[in-house]
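Okay, so here's the structure we're looking at.
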Amino acid sequence: MAHDATHAHDAIPAHDGHGQPGGIMRWLTTTNHKDIGSLYLWFAGTMFLVAGSFALVIRAELFQPGLQVVHPDFFNQMTTLHGLIMVFGVIMPAWAGFANWQIPLMIGAPDMAFPRMNNWGFWLLPVAGFLLLLGLFMPGGAAAGGWTMYPPLFVQGGISYDLTIFAIHILGASSIMGSINIITTVLNMRAPGMTLMKMPLFVWTWLITAYLLIATVPVLAGAVTMLLTDRHFDTHFFNPAGGGDPVMFQHIFWFFGHPEVYILILPAFGVVSQIIPTFARKPLFGYASMVYATASIAILSFIVWAHHMFTVGMPAAAQLFFMYSTMLIAVPTGVKVFNWVATMWKGSMTFETPMLFAIAFVCLFTIGGFSGLVCAMTPVDIQIHDTYYVVAHFHYVLVSGALFAIIAGVYYWLPKWTGHMYDEKLGKLHFWLSVISMNVTFFPMHFLGLAGMPRRYADYALQFAEFNMIASIGAFIFGFSQLIFLAVIIKAIRGGRKASDQVWEGAQGLEWTVPSPAPYHTFETAPVVK
Amino acid sequence: MDKADNRILLKKLVVVTVGMFGFGFAMVPFYYKICEVTGINSGDAQVLARNTQVDTRRTITLEFDANVDAHLPWRFRPLQRSIRLHPGEMVQVLYEVENLSDRDITGQAIPSYGPQLAGRYVKKIECFCFTGQTLKAGEKKQMPVMMVMDPALPNDVHTVTLSYTFFVQPDSGKAAQGGRPAANG
């Protein structure tokens with residue numbers, strides 16, 4: 001890794017002769033944070049199309065009552081794989097891609113702290129994705145027990161359940177390696193002068209996310225290990241016949257699962273906190289309170305898990321505790337929403353595509369947050385547990401929350417990554433189609449849930465027909481609109497208007513001081529932050 | 001940035017990771033301890049499952065009476081004179097019967113109710129009156145009745161009397177066997 005200390009920073013060619021292999025071996029062996037970031041993002045994008053097409057199978061079957069399109073067992077495989085892949089194969093790798101591309105650029109570091117581990121962390125992902133999808137071709141089909149992997153179904157299933165458990169182990173190892181790398185990079189490799197409280201908010205949110213991952217992913221690994229030993233090694237963690245308890249799995253799973261939802265959304269908070277000040281041309285309102293709010297959300301996420309399982313039969317005292325602690329999370333989240341709105345207040349706003357997605361994030365994520373508060377109330381939750389109300393809630397926070405922030409971030413940094421401006425007209429078309437169809441898809445699900453339609457069934461009672469048809473139409477428009485996104489990205493990679501180094505007039509931060517496209521090596525001598 | 005610093009931090013973070021993997025397994029005994037202390041999930045599902053069918057606002061007095069037909073040399077009595085119960089609540093009572101003669105006899109108990117309309121609200125799950133009872137010479141035994149008082153019992157009924165009378169079942173075995181071929185034929 002000995003670099004020539006004398007060469008100039010500007011105009012370093014993309015391949016500056018470290019004897020790197022070309023072709024596919026370049027990507028297999030790369031230790032460059034930008035290469036690995038791109039790999040993560042392409043992987044996430046591919047899996048997004050795969051898991052999205054699974055969602056369209058679900059919506060096609062639910063277009064009308066009755067069974068028309070697929071066998072109910074295949075329907076269950078689709079809901080399971082859609083959930084698992086969207087969480088572990090799309091949102092998490094996409095954020096890891098952003099972290100790899102942006103964190104070294106934003107803190108003035110030449111690369112990640114452990115480049116080889118970084119390479120390994122990425123290349124585990126396609127293996128895990130392959131194992132998950134391999135289940136589809138196994139006898140009995142893919143795992144169909146739901147993405148939450150509850151026993152007894154996950155103890156009783158066939159070989160694809162073993163593949164799923166193994167895939168979860170590998171995905172966990174990958175995210176832990178990524179997280180260790182990010183924490184070490186952020187804590188040890190910041191440019192001189194960049195104190196913790198001067199870090200861009202995206203870096204802050206990822207630092208906290210990485211701690212959450214390290215604290216909870218091993219617990220998930222333990223839970224699926226218990227499933228595996230229950231299946232094959234005669235343990236009885238979850239089998240009542242052997243003195244075990246299936247409800248215990250839910251406790252262990254959601255001890256991981258609730259911090260996991262903040263793992264998915266905290267980097268989104270970071271991206272939105274970068275984009276809104278840029279296009280409002282004002283510094284972020286309440287930077288310090290944003291940092292503390294993020295940290296509070298992360299800490300609170302460890303003591304709220306049982307709100308996912310209010311119906312298992314808890315003592316009233318426990319129900320009250322988990323209800324109140326869950327509602328407490330609305331306070332730091334409210335601080336964040338307030339700060340974003342206050343940042344826009346009286347700003348000189350312009351509405352380029354990244355800003356449109358960021359504003360949609362603030363509005364629609366807040367709707368998801370409010371329905372989350374509804375679900376937090378124990379007596380209400382007992383009514384709407386496992387109904388479409390819950391499906392509507394978590395799609396508002398994951399699609400219009402995490403996914404919209406990922407799309408916003410791609411539009412925001414694409415000129416820096418490719419050196420070309422994306423097609424603004426196509427971007428706006430993508431935005432309007434996405435935001436309208438997303439609401440058409442998921443808003444009616446609130447009504448379906450309140451009317452009592454349960455989730456995870458291939459069929460439904462006749463009175464739910466109209467809203468399901470509306471939701472299915474929205475889903476197909478949303479799904480196909482994402483092909484516009486793919487076209488915009490490919491178009492920007494191929495060419496387009498040259499992007500300046502600054503790219504956006506109001507953008508602040510170290511990543512805008514390097515050329516566009518960002519050269520293969522940046523910040524080999526650290527910049528000084530005043 | 002010092003490579004040695006990175007290594008030290010890496011080691012610390014790996015320790016945390018391994019520790020949290022262990023914590024996942026530590027939750028297993030911890031979970032059972034919590035359940036034990038709070039008394040939930042003790043395996044006694046009946047404790048948790050409170051029967052919402054029981055109407056605890058009403059209390060009914062149920063009186064028991066026992067008679068034997070003059071031709072039957074049996075002694076027959078309830079082991080309790082009366083009980084108090086809520087509509088919807090499952091209760092079990094015992095009757096005792098003794099054969100005073102020196103031969104085996106089969107008897108059949110016939111219930112009657114006071115007031116008469118209460119009969120349709122006494123839901124018996126198990127009763128010695130469902131079948132004939134055969135007592136060997138000098139045999140003495142206790143027989144249960146399990147029943148629920150239907151919550152639909154009219155509000156003005158506060159006391160119900162349940163009375164059984166044992167009759168001889170004349171040649172019960174032969175009669176049943178004799179009747180069957182005719183019915184089938």
Side-chain angles (χ1 to χ4, degrees), chain A residues 1 107-114 117 172-173 175-177 179-192 210-211 213-226 229 235 237-238 240 243-245 247-253 255-256 312-318 526, chain B residues 1-59 85-91 125 146 148 151:
Chain A
M1 288 291 286
I107 64 171
D111 206 311
M112 298 296 280
F114 307 108
M117 187 163 82
S175 359
I176 287 166
M177 281 191 263
S179 306
I180 289 177
N181 219 333
I182 287 164
I183 293 175
T184 311
T185 308
V186 172
L187 291 186
N188 285 0
M189 295 173 65
R190 296 191 309 280
Y211 274 114
L213 278 164
I214 284 187
T216 60
V217 169
V219 176
L220 173 70
V224 295
T225 305
M226 289 178 217
T229 57
T235 59
F237 287 106
F238 309 124
D245 188 344
V247 172
M248 185 175 67
F249 179 86
Q250 300 190 23
H251 281 285
I252 302 173
F253 179 84
F255 181 84
F256 149 81
V312 298
M314 268 184 280
Chain B
M1 29 155 189
D2 193 346
K3 286 226 152 42
D5 285 351
N6 288 355
R7 286 263 152 76
I8 293 166
L9 190 53
L10 171 71
K11 277 178 194 152
K12 285 182 189 165
L13 292 172
V14 168
V15 169
V16 174
T17 304
V18 174
M20 287 311 291
F21 185 70
F23 177 78
F25 285 88
M27 280 176 86
V28 176
F30 187 61
Y31 171 80
Y32 285 113
K33 199 73 207 165
I34 294 236
C35 288
E36 191 189 313
V37 170
T38 56
I40 51 172
N41 215 15
S42 57
D44 188 0
Q46 291 306 316
V47 175
L48 284 172
R50 206 169 52 248
N51 190 343
T52 55
Q53 309 298 312
V54 177
D55 183 0
T56 51
R57 292 165 304 171
R58 293 173 66 192
T59 305
L85 80 165
H86 300 301
E89 186 184 4
M90 171 114 67
V91 291
I125 285 105
M146 281 183 84
V148 176

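Every chain is numbered from 1, with letters handed out A, B, ... down the list of sequences.
- Residue A:I214 touches chain B through both its backbone and its side chain, counting heavy-atom pairs closer than 4.5 Å.
- To the nearest 0.5 Å, atoms CD1 (A:I176) and CZ (B:F21) are separated by 9.5 Å.
- The two residues B:M27 and A:H251 make their nearest non-hydrogen contact at CE-O, 4.0 Å.
- For the atom pair A:L213 CG and B:T17 OG1, the distance stands at 10.0 Å (nearest 0.5 Å).
- Listed by chain and residue number, nothing satisfies the side-chain hydrogen bond (donor to acceptor under 3.5 Å, both in side chains) test with B:H86 (two or more places apart in sequence, or in another chain).
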Can I get a per-line list of side-chain donor-acceptor pairs under 3.5 Å for residues 219-226 of chain A, giving both atom names and the distance, sequence neighbours left out?
unit_1	atom_1	unit_2	atom_2	d
A:T225	OG1	A:H169	NE2	2.9
A:T225	OG1	A:A221	O	2.5

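- Once rounded to the nearest 0.5 Å, the distance linking CG of B:L9 with CD1 of A:I183 reads 7.0 Å.
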Requested in this report: Start with the C-alpha distance between B:V28 and A:M248, add both sets of side-chain angles, then the distance that settles side chain to side chain contact (heavy atoms under 4.5 Å, CB included), and finish with yes or no.
Outcome: CA-CA 7 Å; B:V28 176; A:M248 185 175 67; 3.8 Å; yes
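- Atom OG1 of A:T216 and atom CZ of B:F23 lie 11.5 Å apart (nearest 0.5 Å).
- Of the two parts of B:F25, the backbone and the side chain both hold a non-hydrogen atom closer than 4.5 Å to a non-hydrogen atom of chain A.
- The residue among A:A318, A:A215, A:S179, A:A113 with the most heavy atom pairs within less than 4.5 Å of chain B is A:A215.
- No donor-acceptor contact under 3.5 angstrom links the side chains of A:D245 and B:Y32, judged on distance only.
- Neither the backbone nor the side chain of A:F256 comes within less than 4.5 Å of any heavy atom of chain B.
- Of all non-hydrogen atoms in A:T184 and B:N6, the two that sit nearest each other are CG2-OD1, 3.5 Å.
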